[in-house]
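Note that the structure is a prediction, hence the values are computed from the model and not measured.
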Amino acid sequence: LDSEEPEHQNRADTLAFGSEPQVDAAPLDTSPAPPYSVALNVLGEIEGPTLLSELTVLGFAFGDKSICHRYDDAGRERISLANAVEPGSFDLDTLDALTTPGVTFFMCASECPDAPAVFEEMLYAAVRLADAMGARLCDDRRSVMSEHSVAELRQQVQEYQFSGSR
């Protein structure tokens, strides 16, 4: 009886006195964080002349991909605005006659060193445009945004910024 040790005892002895246990170590993930974009929709009857006027006041300019952008001092895109109707672009030659059911503001938080501040700029621009057009401010799923949903989105951007995901 003494020569027979319980199986778990033999295993414990082997681990304690024999070779080291084999551990599969997963390599560290050094890939860059996935892009994180935030979008706000302004939905309603959006007319080209009023859109252009408001965007000009807000510091947006027509640019790359035939959409509008707001740039930082170094010339990098901070916020972009696209037509909600495919293909999303604007034609400057016909903008005076444009009527569209909505526009989409978006920013790439993963490319912003100050994503919370850029989000606040985008939110301000979207709210101002919605007010000027008598339109609705909506989220990326086109649901009307409440103070609560704005606060949740703001918190997500802040958490992303401060989590070190960038």
Side-chain angles (χ1 to χ4, degrees), residues 26-96 98-166:
L28 292 176
D29 183 10
T30 58
S31 61
Y36 175 56
S37 296
V38 181
L40 297 172
N41 289 290
V42 175
L43 303 177
E45 190 170 310
I46 310 296
E47 296 179 353
T50 307
L51 175 65
L52 185 57
S53 173
E54 287 296 319
L55 291 178
T56 301
V57 168
L58 291 167
F60 283 78
F62 188 76
D64 189 38
K65 300 178 186 168
S66 296
I67 61 175
C68 298
H69 307 279
R70 185 169 179 181
Y71 299 94
D72 65 13
D73 293 337
R76 294 179 302 251
E77 295 172 6
R78 285 175 72 87
I79 306 166
S80 298
L81 177 124
N83 192 338
V85 175
E86 290 291 335
S89 58
F90 297 101
D91 181 350
L92 283 181
D93 294 333
T94 61
L95 196 59
D96 285 342
L98 174 74
T99 300
T100 184
V103 293
T104 302
F105 286 87
F106 59 97
M107 60 175 275
C108 189
S110 53
E111 295 177 9
C112 296
D114 56 348
V118 175
F119 172 76
E120 294 301 328
E121 289 176 31
M122 183 174 75
L123 178 61
Y124 174 81
V127 168
R128 179 180 168 131
L129 185 63
D131 288 348
M133 299 284 186
R136 298 174 316 280
L137 176 66
C138 299
D139 63 16
D140 60 343
R141 293 177 307 275
R142 298 186 177 200
S143 297
V144 174
M145 294 195 74
S146 64
E147 286 183 28
H148 179 75
S149 59
V150 168
E152 284 181 342
L153 189 53
R154 179 179 287 124
Q155 182 176 354
Q156 289 172 12
V157 172
Q158 290 172 343
E159 287 174 0
Y160 178 82
Q161 176 80 35
F162 299 113
S163 71
S165 297
R166 312 183 329 84

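- Side chain of N41 to main chain of D139: a donor-acceptor pair is present (N/O by atom type, distance under 3.5 Å, no hydrogens or angles).
- Summarising the geometry of E47 relative to T99, their closest heavy-atom pair is CG-OG1, 4.3 Å, with the distance given to 0.1 Å.
- Shortest non-hydrogen contact noted between F105 and L81 is CZ-CD1, 3.3 Å.
- Residue C68 holds its SG atom at 11.0 Å from CD of E77, rounded to the nearest 0.5 Å.
- Residues I67 and S89 come closest through the heavy atom pair CG2-CA, 4.0 Å.
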- Test L153 against L123 for side-chain contact (heavy atoms from CB on, under 4.5 Å), laying out the working first. CA-CA 10 Å; L153 189 53; L123 178 61; over 6 Å; no

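- The two atoms that bring N83 and G102 nearest to each other are OD1-O, 3.5 Å, heavy atoms only.
- Side-chain contact check for L98 versus T94: every heavy-atom pair is 4.5 Å or farther apart.
- Remark: L55 CG to R128 CZ distance equals 10.0 Å, nearest 0.5 Å.
- What you find for C112 and Q161 is that their closest heavy atoms are O-OE1, 3.7 Å.
- Atom CE in M122 sits 13.0 Å away from atom CG in L58 (nearest 0.5 Å).
- Legend: residues meeting salt bridge (Lys or Arg N to Asp or Glu O under 4.0 Å) with R136, ordered by chain and number and at least two apart, are absent.
- A distance of 4.5 Å separates OG1 in T50 from CE in M133, rounded to the nearest 0.5 Å.
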- Task: I would like to know whether S143 and C138 meet side-chain contact (heavy atoms from CB on, under 4.5 Å); could you show each step before the answer?
- Result: CA-CA 5 Å; S143 297; C138 299; 5.9 Å; no

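- The local environment of CD in E120 is crowded, with over 12 non-hydrogen atoms from other residues, nucleotides or ligands closer than 6.0 Å.
- Considering every non-hydrogen atom in both E121 and R78, the closest pair reads OE2-NH2, 2.6 Å.
- In this structure, CG on D72 lies 8.5 Å from CG on D114, to the nearest 0.5 angstrom.
- In this structure, the side chains of S66 and D91 stay at 4.5 Å or more apart for every pair of heavy atoms.
- Sorted by first and then second residue, the ring pair (Phe, Tyr, Trp, His ring centres under 6.0 Å) pairs involving residues 65-84 (not counting sequence neighbours) are H69-Y71.
- Put simply, the side chain of T56 gets close to the backbone of L52: a donor and an acceptor are under 3.5 Å apart.
- You'll find the side chain of F119 stays beyond 4.5 Å of the side chain of Q158, heavy atoms only.
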- Task: In sequence, state the C-alpha distance, the side-chain angles, and the governing distance for L51 and F90, and then conclude on side-chain contact (heavy atoms from CB on, under 4.5 Å).
- Result: CA-CA 11 Å; L51 175 65; F90 297 101; 3.8 Å; yes

